[in-house]
Amino acid sequence: MDLLVPGVGELVGGSQREERLDVLEAKMNELDLVLDDYWWYMDLRRFGSVPHAGYGLGFERLVTYVCGIENIRDAIAFPRYPGNAEF
């Protein structure tokens, strides 16, 4: 799921993992993925996964939306751009 707001775009993004091994294998076969490449992920489901989901809120996007800032670069406390980091 996504929460879209005017002028900013995606403010919150969320998803739920597929915990059913048979459904996961069917989808991977449908997408022509090599199941052996994902053995470790399949084992996570095979040996006891539980339904789980989550979301992420973009803090700078929230500040941009709430404060009415036009450009997200002005809402970032410590912006990264080429040439600003000394190595």
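Along the sequence shown, the residues carry numbers beginning at 1. Quick note: numbers below take in every heavy atom, side chains included, and nothing from hydrogens, waters or symmetry partners.
A salt bridge links Glu25 and Arg46; the closest N-O separation between the charged side-chain nitrogens and carboxylate oxygens is under 4.0 Å.
Here the side chains of Met42 and Met28 are in contact, with some heavy-atom distance below 4.5 Å. Annotation: side chain of Leu33 is not in contact with side chain of Lys27 (no heavy-atom distance under 4.5 Å).
For the atom pair OG of Ser15 and CE of Met1, the computed distance is 9.0 Å after rounding to the nearest 0.5 Å. Note that CG of Asn71 and CD1 of Ile76 are 8.5 Å apart. Values are rounded to the nearest 0.5 Å. Atom OH in Tyr65 sits 14.5 Å away from atom CD1 in Ile72 (nearest 0.5 Å).
Residues satisfying the side chain to side chain contact (heavy atoms under 4.5 Å, CB included) test with Leu11, not counting sequence neighbours, are Leu3, Val5, Leu57, Arg61, Leu62.
Taking every heavy atom of both residues into account, Leu24 and Arg45 meet most closely at CD2-CG, 3.8 Å. Shown here for Gln16 and Pro51, the closest heavy-atom pair between the two residues is NE2-CB, 4.3 Å. Scanning all heavy atoms of the two residues, the minimum distance from Gly13 to Asp2 falls at CA-OD1, 3.4 Å.
Around the OH atom of Tyr41, the shell of radius 6.0 Å holds more than 12 heavy atoms that belong to other residues, nucleotides or ligands. Crowding of Asn29 atom CG: a count of heavy atoms from other residues, nucleotides or ligands under 6.0 Å exceeding 12.
Under the 4.5 Å side-chain heavy-atom criterion for Ile, Leu, Val, Met, Phe, Trp and Tyr, Val63 and Leu4 are members of distinct hydrophobic clusters. Cluster annotation: Leu44 and Val34 are assigned to distinct hydrophobic clusters (Ile/Leu/Val/Met/Phe/Trp/Tyr, side-chain heavy-atom contacts under 4.5 Å, transitive). A continuous path of ILVMFWY side-chain contacts below 4.5 Å connects Leu35 to Trp39, so both sit in one hydrophobic cluster.
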